[in-house]
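The block underneath contains the structure these notes are about, expressed in structure tokens.
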Amino acid sequence: MLQVNYIRENRDHVIERLALRNFKQTTLVDEVVALDEQRRQIQTESDALAASANTSARQIGELMRQGKRDEAEAIKAASGGYKEQIKQLTDRLGELEQQLHEKLVLLPNLPHTSVPAGVGAEDNEVVLEHGNKPSLAEDAVPHWELTSKYGIIDFELGTKITGAGFPVYKGKGARLQRAMINFFLDRAQQAGYLEVQPPLLVNEASGFGTGQLPDKEGQMYHVGVDDLYLIPTAEVPVTNLYRDVIVKEADFPVKLTAYTPCFRREAGSYGAHVRGLNRLHQFDKVEVVQLVHPERSYEVLEEMSSYVQSLLQALDLPYRVLRLCGGDMGFTSALTYDMEVWSAAQQRWLEVSSVSNFESYQSNRLKVRFKGESGKTQLVHTLNGSALALPRILASILENNQTDRGIRIPDVLVPYTGFEWID
RNA sequence: GGAGAGUUGGCAGAGCGGUCGAAUGCGGCGGUCUUGAAAACCGUUGUCUGUAACAGGACCGGGGGUUCGAAUCCCUCACUCUCCGCCA
């Protein structure tokens, strides 16, 4: 959520920035400014009235103590009107605050100055490409054929148990999953991230804090009887660990990592692009999250980007890094890098990580603050990234590393899998 | 699922309807003392809003009510804890 004060003082700039993500509801910005203006005016009136009422009440108390009952009664009689007036004003204030809040949550984050203009994926800027795309044999096949050929994933069985998009990993497939999770967690720990195991179900306040609610309600599975949401990413519970916390500046940077399954409804997605492991309703991911001093957040974003790339390099997967354009960036992000690996048999890039700086957009909702040098509390900047999401990494490993002999496991994973080949 | 207790500042824990944003202890910060540290002593120490700065306003789980006045009384919701039951 953007800060009202900022919008008030930088109205034109806000509109200009929002235009970069093709957000053209300039009236919304003006409505926010107007509502805020009204709110503050009513607030002032209400406060003045409350001050008078407080004074009277104090006087009455003092007079009563002194036994001056008559004088107290006189003031009491004159104080009767405050209650009704104050109630009217505070009711109005409540309405204004609610309206303001409703408008405010409709405004996405302001893109960073380096974000390219654009409307969709085709306008994203390729920052760099790394590694060589392997040239496969004539008979190379996509991963969904490899998984059944080697019996490591059973999609049909998952469909029977739950539904489409819930694969069952078996044998070396299951072990490879476990190996990747451990590999990613070990690397994160070496990079200074504290490992946590958060809940996989979160309440509404948590969903709101990181921005999934109310905007993307339909994306999450909702457990109605208990009014809880299955997490779409570890970002939600992990970032919310610091909701309403005032961080000590000495504790910066706060670096957290978590492995969790992720659940996404992805309603309305069908077709070839979502075959096999390309898009699932449940998948595994290791996430990294940082809470940092505002002055350092872009430096940290680059650091996180490098970290994610180091994983891809270790796995020896060809990848590219995109700087998302204004139109393709998530609602809450100010700058996002997407990492995509090359899927040799499908001949396409698959997104395996998204690293974002949310600046104070999330922390304003979450109320994650720190006490600065001046002694004033300020909002921290939050960042997160996938490091990494497993399914498409797996897809890429399977496709890129397929040989006559079987599928070669990347060297760094062998200590974790205990085998070198899926055959 | 059944029964009971509770929710107050970073933590612990007081709080007759008025002088309570809130005692006290611990912790934190600053200082005295010390070669240094510890101890002791002194001072200080919540958040939000608002102002150029003061002032002012709000917050004692959430919401509502009674009252001139509510942390304190009433209603309601949520959550936590304890015991029993069930259970990885």
Side-chain angles (χ1 to χ4, degrees), chain A residues 1-9 32-33 35-102 104 197-209 213 222-229 237 240-252 254 260-261 291 360 362-380:
Chain A
M1 197 158 66
L2 298 174
Q3 295 177 258
V4 192
N5 290 352
Y6 186 83
I7 298 175
R8 184 167 71 218
E9 287 158 23
V32 164
V33 172
L35 282 168
D36 179 53
E37 180 57 41
Q38 284 184 61
R39 195 208 90 228
R40 288 190 304 145
Q41 192 188 325
I42 301 285
Q43 175 83 262
T44 306
E45 285 180 44
S46 162
D47 283 358
L49 218 49
S52 302
N54 287 342
T55 304
S56 296
R58 264 192 291 270
Q59 283 174 353
I60 292 167
E62 182 60 27
L63 291 168
M64 296 289 266
R65 218 169 306 109
Q66 293 173 4
K68 297 176 181 170
R69 192 161 272 277
D70 293 346
E71 289 179 47
E73 287 299 331
I75 299 178
K76 196 189 279 194
S79 304
Y82 286 131
K83 189 190 171 69
E84 185 56 29
Q85 290 182 58
I86 292 174
K87 181 157 168 45
Q88 274 181 21
L89 286 175
T90 50
D91 283 354
R92 178 77 188 121
L93 198 58
E95 284 170 25
L96 287 168
E97 278 170 354
Q98 194 188 331
Q99 285 171 24
L100 180 60
H101 186 257
E102 280 168 9
L104 216 44
Q197 285 195 11
L200 306 182
L201 286 153
V202 295
N203 56 30
E204 189 186 338
S206 297
F208 175 78
L213 294 174
H222 182 226
V223 182
V225 280
D226 294 301
D227 198 17
L228 296 170
Y229 295 86
N240 271 280
L241 296 177
Y242 279 83
R243 172 149 48 90
D244 293 323
V245 170
I246 297 181
V247 182
K248 290 203 186 83
E249 201 173 345
D251 293 337
F252 279 143
V254 175
T260 68
L291 310 181
S360 61
Q362 287 184 331
S363 61
N364 190 32
R365 288 187 171 196
L366 293 158
K367 297 291 173 268
V368 189
R369 294 160 293 175
F370 73 100
K371 227 184 251 295
E373 313 72 31
S374 61
K376 283 195 67 171
T377 56
Q378 315 175 42
L379 296 170
V380 307

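Every chain is numbered from 1 and lettered A, B, ... according to where its sequence line falls, protein lines coming before strand lines. Scope of the values below: all heavy atoms of this structure, side chains included, with no hydrogens, waters or symmetry mates.
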Grab the CG-P distance between Asn364(A) and U49(B) for me, whole Å please. 10 Å

If you apply the rule salt bridge (Lys or Arg N to Asp or Glu O under 4.0 Å), what do you find for Lys87(A) with Glu84(A), and how did you get there? CA-CA 5 Å; Lys87(A) 181 157 168 45; Glu84(A) 185 56 29; over 6 Å; no

On RNA chain B, nearest-nucleotide positions of Tyr82(A) versus Glu62(A): which is more 5'? Glu62(A)

Would you call the rings of His101(A) and Phe208(A) parallel, tilted or perpendicular, where under 30° means parallel and over 60° means perpendicular? tilted

Grab the CD-P distance between Gln41(A) and U49(B) for me, whole Å please. 20 Å

Counting side-chain heavy atoms from CB outward, which of U47(B), G65(B), U49(B) is closest to Lys87(A)? G65(B)

May I ask you to verify if any side-chain N or O of Thr44(A) is less than 4.0 angstrom from the OP1 or OP2 atom of G57(B)? no

What does A40(B) pair with, Watson-Crick or G-U, if both distances are under 3.5 Å? U32(B)

Answer whether the closest heavy-atom distance between the side chains of Phe370(A) and Asp251(A) falls below 4.5 Å. no

What distance, rounded to whole Å, do you find between the two C1' atoms, one in A12(B) and one in G62(B)? 24 Å

G50(B) pairs with, by Watson-Crick or G-U criteria that keep both distances under 3.5 Å: none

Take the protein atom CD1 of Ile86(A) and the nucleotide atom P of C68(B), then report the distance between them rounded to whole Å. 13 Å

So which nucleotide does G4(B) pair with, by the Watson-Crick or G-U wobble rule with both distances under 3.5 Å? C81(B)

Report yes if at least one side-chain N or O of Arg39(A) is closer than 4.0 Å to OP1 or OP2 of U49(B); otherwise report no. no

Between Asp227(A) and His222(A), is there a side-chain heavy-atom distance shorter than 4.5 Å? yes

Taking atom C1' in both U80(B) and U45(B), compute the distance separating them and give it to the nearest angstrom. 28 Å

Using a strict heavy-atom distance below 4.0 Å, which residues from residues 45-58 of chain A are in contact with RNA chain B? Asp47(A), Ala50(A), Ala51(A), Asn54(A), Ala57(A)

4.5 Å side-chain heavy-atom contact, Leu366(A) and Tyr242(A): no

Across all strands, who's sitting opposite A14(B) as a Watson-Crick or G-U wobble pair, both distances under 3.5 Å? none

Measuring to OP1 and OP2 of U51(B), would you say a side-chain N or O of Arg40(A) lies under 4.0 angstrom away? yes

What distance, rounded to whole Å, do you find between the two P atoms, one in U19(B) and one in C73(B)? 16 Å

Across all strands, who's sitting opposite C87(B) as a Watson-Crick or G-U wobble pair, both distances under 3.5 Å? none

Is the shortest side-chain heavy-atom distance between Gln99(A) and Gln38(A) below 4.5 Å? no

State the pairing partner of C73(B); accept Watson-Crick or G-U wobble contacts with both distances under 3.5 Å, and report none otherwise. G65(B)

With a non-hydrogen cut-off below 4.0 angstrom, is Ile75(A) in contact with a base, only sugar-phosphate, or nothing? nothing

Using whole Å, report how far CD of Gln3(A) lies from P of G50(B). 12 Å

When you compare U47(B) with G21(B), how far apart are their C1' atoms, in angstrom units rounded to a whole number? 11 Å

Using atom C1' in both nucleotides, what's the gap between U32(B) and A37(B) to the nearest angstrom? 15 Å

Short side-chain N/O contact to U47(B) OP1/OP2 from Lys371(A), under 4.0 Å: yes

So, Ser206(A) and Asn203(A): side-chain donor and acceptor under 3.5 Å apart, yes or no? yes

Using a cut-off of under 3.5 Å, enumerate the N/O to N/O pairs linking the protein to nucleotides 71-78 of chain B.
none

Whole-Å gap separating P (G57(B)) and CD (Glu97(A)): 17 Å

In whole Å, what separates the C1' atom of G15(B) from that of U7(B)? 15 Å

Grab the CD-P distance between Gln43(A) and G56(B) for me, whole Å please. 15 Å

Decide yes or no for Asn240(A) and Val202(A): does some side-chain heavy atom of the first lie under 4.5 Å from some side-chain heavy atom of the second? no

Find the distance Ile246(A):CD1 to G10(B):C1' and express it as a whole number of Å. 10 Å

How far, in whole Å, is U82(B) from U67(B) if one measures between their P atoms? 41 Å

If the P atom of U72(B) is compared with that of G17(B), how far apart are they to the nearest Å? 11 Å

Rounded to whole angstrom units, what separation is found between the CE atom of Met64(A) and the P atom of U67(B)? 15 Å

Side-chain contact, heavy-atom cut-off 4.5 Å: Ile7(A) with Val33(A)? yes

Test side chain to side chain contact (heavy atoms under 4.5 Å, CB included) on Leu2(A) and Asn364(A); report intermediate values, then the result. CA-CA 7 Å; Leu2(A) 298 174; Asn364(A) 190 32; 5.9 Å; no

Can you tell me if Gln41(A) and Glu37(A) form a side-chain donor-acceptor pair at under 3.5 Å? no

Base partner of G21(B), which must satisfy Watson-Crick or wobble distances under 3.5 Å: none

pair Arg39(A)-Leu93(A): side-chain heavy atoms closer than 4.5 Å: yes

